Structure formats: C-alpha cells, structure tokens
Amino acid sequence: MNSYAVKDFLCDMGLRVCLHVRQAFQFQSVEERAAVHSESSDDTIYQIDRDVEDIIVPLLEEKAQSFGGIVLIAEGMDETNRLVLPRGMKEPQAAYRIILDPIDGTRGIMYDKRSAFFLAGAAPNRGETATLQDIEIAVMVELPTSRSHLSDTLWAVKGQGAHRFTRDLLSNRLFPQPVRPSQSHTILGGFAQISQFFPPGREILAQIEEELIQTLFPNAPEGRAILFQDQYISTGGQLYEILVGHDRFVADLRAGLYRRLRAEGRRVGLACHPYDCCAHLIGTESGVRITGSGGGPFNAPMDTTSPVDWIAYANPFIQAEVEPVLLNLLRKYQLISA
C-alpha cells in the first residue's frame, strides 16, 4: 500500500474542496448554498454538498489507475453510495476502498457560522467485510468560514502517529503544528459534553449528562462552572476539538438513543454514520481513546448509512474517570444492554 502517496492525494483533494467552499462564499448567497439538492437514505444533501462532487470524482478518476483501482464510498454515488474507478473495473479488483465525507458540518459552513471538515479514510479493499478498523490512512482538512484565511490539515498513517499543519490560504505557506490532546487528568473545569444537538430525545441525553456530572463531582462548590459544553454540529469538528486540546470528552450516543425511542414507538432523528467517523485513525494515533458506546473498541461497517455511536476521551486518565459512571448510566437509560 503506497500510504504516503494516498495521504498526499487526499490532502490535496481536501485543499481543492476547501478552495471551492471559499469561492462559494464569494459568488453564492446563503440561500443558494443552503438549498436542498436531494434527500438520501443517510442525510439531506444540500447544494453545497452536491457541488463538490464535480471536484472529487474527476480527481479520483485521474488517480484510480495508478493506485490500482478505487472503490469510492460517499453520499450520492448511486443507490449503494459506491463508485468503482476506473470505470469498468470490477469492485473486487480494486486495491483500495476510500470513504469520504467531503463536507462534514454542512449546516455550519453553509451559513458561514463555523468551520466544516473534509474527512477521508483509505483502506485495503477487503470487500463487503471492510470496517472502519481497516482504515490505514486518514485525512481531515478544515473548511474555514469566510472570516478566516487559515486552514488546518491533520493526517495519520497507521502506526506512524498523528500530524498537523496550518495553511495560510492567502500565501499558501504551511506552518507545522502539534497534535496534542488535553493532558488533564479530569474533565472538571474543561469542555466536555454528550452531543444533543438534534431532536428528538435530547431530554434523555441531557439527563444522562446531568447525572454524570452529579456523580463525578458531588462536592463541587456552588456558584462555580463545573464544566463547559460546546455543541459542534460536526463529527469532524468534535474530533478536531479533542485533537488540538480544546475538549476533553465527547460522546455521540444518538444511535443507541434512537434504538430506544424506536422500541418505544417514538419517532427518531438523524444519527451519526460511519463516513462521519472515517478520520478516527487520527485520534487513535494521537493517543485519544475512542470507543463504542459499550466501552469496547470503536468500529462500524465502511458505509454511509449504518447508525453508529462513539465516545472519545482525550487521554487514559479521563477515560478512567468518566467511563465507568457513563456506562452505568447508559445501561440505566437503556442506551446499551444491561
């Protein structure tokens, strides 16, 4: 596997998407960027999402032959959300599976509120049995708002650590930066949260978070901020905040929540999907502890539709502090099996 060639290619693709989004700010109104293009089985596809397909597919077609063939897994390719390149190649013949979320955080960036992220993961082509744990190369590129000229790129090759640089989009100069998750031994006094940005069921997630805080810090002084919440409506954004040391703990438990709601005959909402988590290798390579909702290793099928939960602890000390209490609460509220 020519890992570094694939890494460089994915970083370049992320840059192309970044520049395209910046151009959209100049020539498109908010209404044009936020127009709904279509509804898929996994999410709403906005016009800004659809526009980047015209960038990524031609780039992949150029490289597919030299890479030995690519199975692209992304929204909107066909009814299976897969595309084999070069065209005409049979899927089992391809060397790589590449899973992409070209704009993770569409709702934030299309309104020019907060950075989105280009996310990509590449794995040897193991066919239908492929999972996110097979990913050996991961890239995330920041798609900043119109008010910023700086964009971070983070990448990892399995076993080679996590890396980061900042690009000045005006001068194209690159500045190496550390990937350094928080070294704090506690979430007390830091940013930490259970994601609850989409209804329904937010009251259940809020109750779990409240009980988590009360159990961990029963003697916290009154009138003080015990911890802080930052609801970043983007899996890539949440991972980024952990990677650069801003956040100490985040849990996205919507898949388990919606299983409970469905069993109760209630309507469900939008869950996280595997392509949202395709850059998780960067977290693992940086020392972040990423698990599934039951505490075991994080994994999911390499697709765009399976609902998935994930939990990230900035370091082993925070995992030891939070995880036992959190798992007990998830059993109590029937988000995982007892």
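Note that this is a predicted model, so its numbers are computed, not measured.
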>> Give me the atom names and distance for the closest heavy-atom approach of Glu321 to Leu216.
In response: O-CD2, 3.3 Å
>> What I'd like to find out is whether the side chain of Tyr232 reaches to under 4.5 Å of the side chain of Ser195, using heavy atoms alone.
In response: no
> Does any N or O in the side chain of Asn328 come within less than 3.5 Å of the main-chain N or O of Val325, such that one atom is a donor and the other an acceptor?
Replying inline: no
> Linking I/L/V/M/F/W/Y whenever any side-chain heavy atoms sit under 4.5 Å apart, do Val17 and Leu19 land together?
Replying inline: no
> Considering only heavy atoms from C-beta outward, does the side chain of Leu100 approach that of Met13 to under 4.5 Å?
Replying inline: yes
> Cluster question for you: counting only ILVMFWY and a side-chain heavy-atom cut-off of under 4.5 Å, with indirect links fine, are Leu212 and Phe228 together?
Replying inline: no
> How long is the gap from CD1 on Ile137 to CD1 on Ile282, to the nearest 0.5 Å?
Replying inline: 11.5 Å
> Do Phe198 and Arg107 have side chains that get closer than 4.5 Å, going by heavy atoms?
Replying inline: yes
> Hey, does the Lys NZ or Arg CZ of Arg260 hover above the aromatic six-ring of Tyr333, less than 6.0 Å from the centre and inside 45° of the axis?
Replying inline: no
>> Do the side chains of Arg16 and Glu62 get close enough for a salt bridge, i.e. N-O under 4.0 angstrom?
In response: no
>> Is any side-chain heavy atom of Phe175 closer than 4.5 Å to one of Asp168?
In response: yes
> What closest approach, in Å, do Gly105 and Ala116 show between heavy atoms, and which atom pair accounts for it?
Replying inline: O-CB, 3.6 Å
> Going through the checks in order, is the side-chain contact (heavy atoms from CB on, under 4.5 Å) test met by Val57 and Leu60?
Replying inline: CA-CA 5 Å; Val57 173; Leu60 286 162; 5.6 Å; no
>> Centroid separation under 6.0 Å, is that true for the rings of Phe9 and Phe67?
In response: yes
> Any idea which heavy atoms bring Thr291 and Phe298 closest together, and the distance?
Replying inline: C-CB, 3.7 Å
> Does the pair Asp12/Lys63 count as a salt bridge with the N-to-O cut at 4.0 Å?
Replying inline: no
> Are any of the side-chain heavy atoms of Ile208 and Leu335 separated by less than 4.5 Å?
Replying inline: yes
>> How long is the straight-line distance from CG of Leu326 back to OG1 of Thr215, given to the nearest 0.5 Å?
In response: 10.5 Å
> Ala312 and Ile242: which non-hydrogen atoms are nearest, and at how many Å?
Replying inline: O-CD1, 4.1 Å
>> Do Arg164 and Met140 make a side-chain contact, defined as non-hydrogen atoms from C-beta onward lying under 4.5 Å apart?
In response: no
> Can you tell me if Ser286 uses its side chain to pair, donor with acceptor, with the backbone of Gly283 under 3.5 Å?
Replying inline: yes
> For Asp276, which of Asp104, Asp252, Val308 qualifies under side-chain contact (heavy atoms from CB on, under 4.5 Å)?
Replying inline: Asp104
> Between Tyr240 and Phe117, how do the two ring planes meet: parallel, tilted or perpendicular, split at 30° and 60°?
Replying inline: tilted
>> Would you say that more than 12 heavy atoms from the other residues, nucleotides or ligands in this model lie under 6.0 Å from the CZ of Arg180, or not?
In response: no
> What's the shortest heavy-atom distance between Val157 and Ser3, and which atoms?
Replying inline: CG1-CB, 3.8 Å
> Salt bridge or not for Arg289 and Glu323, using N-O below 4.0 Å?
Replying inline: no
> With no hydrogens and no angle check, is any side-chain donor or acceptor of Gln183 less than 3.5 Å from a backbone partner on Pro181?
Replying inline: yes
>> Quick one: does any side-chain atom of Gln193 pair with a main-chain N or O of Asp230 as donor and acceptor, under 3.5 Å?
In response: yes
>> If I compare all heavy atoms of Leu169 with all of Arg22, which pair ends up nearest, and what's the gap?
In response: CD1-CD, 3.3 Å
>> Set out, in order, the CA-CA distance, both residues' side-chain angles and the distance that settles side-chain contact (heavy atoms from CB on, under 4.5 Å) for Met89 and Val84, then state yes or no.
In response: CA-CA 7 Å; Met89 177 178 279; Val84 181; 4.1 Å; yes
>> Distance check, rounded to the nearest 0.5 Å: Leu327 atom CG versus Ile311 atom CD1?
In response: 6.0 Å
> Between the side chain of Arg248 and the main-chain N/O of Thr186, is any donor-acceptor distance below 3.5 Å?
Replying inline: yes
> Within a strict 4.5 Å, meaning less than it, do heavy atoms of the Ile233 and Arg114 side chains meet?
Replying inline: no
>> Quick check: do Pro307 and Tyr258 have side-chain heavy atoms less than 4.5 Å from each other?
In response: no
> Under 4.0 Å between a Lys/Arg side-chain N and an Asp/Glu carboxylate O for Arg167 and Glu142?
Replying inline: no
> Leu174 and Tyr4: same hydrophobic cluster, using ILVMFWY side-chain contacts below 4.5 Å?
Replying inline: yes
> When rounded to the nearest 0.5 angstrom, what is the spacing between CG in Leu281 and CG in Leu132?
Replying inline: 10.5 Å
> Is a side-chain donor-acceptor pair under 3.5 Å present for Gln207 with Glu203?
Replying inline: no
> Charged N to carboxylate O below 4.0 Å: is that the case for Arg202 and Glu209?
Replying inline: no
> When hydrophobic residues are tied together by side-chain contacts of less than 4.5 Å, even through go-betweens, does Phe25 share a cluster with Leu15?
Replying inline: no
> Can Arg82 and Met302 be said to form a side-chain contact (heavy atoms from CB on, under 4.5 Å), step by step?
Replying inline: CA-CA 11 Å; Arg82 288 204 299 269; Met302 195 178 288; over 6 Å; no
> Rounded to the nearest 0.5 Å, how far apart are CZ of Phe118 and NE2 of His20?
Replying inline: 13.5 Å
> Do you reckon Phe249 sits in the same ILVMFWY cluster as Leu188, going by side-chain contacts under 4.5 Å, direct or chained?
Replying inline: yes
> CG/Asn81 to CD1/Ile73 distance, rounded to the nearest 0.5 angstrom?
Replying inline: 9.5 Å
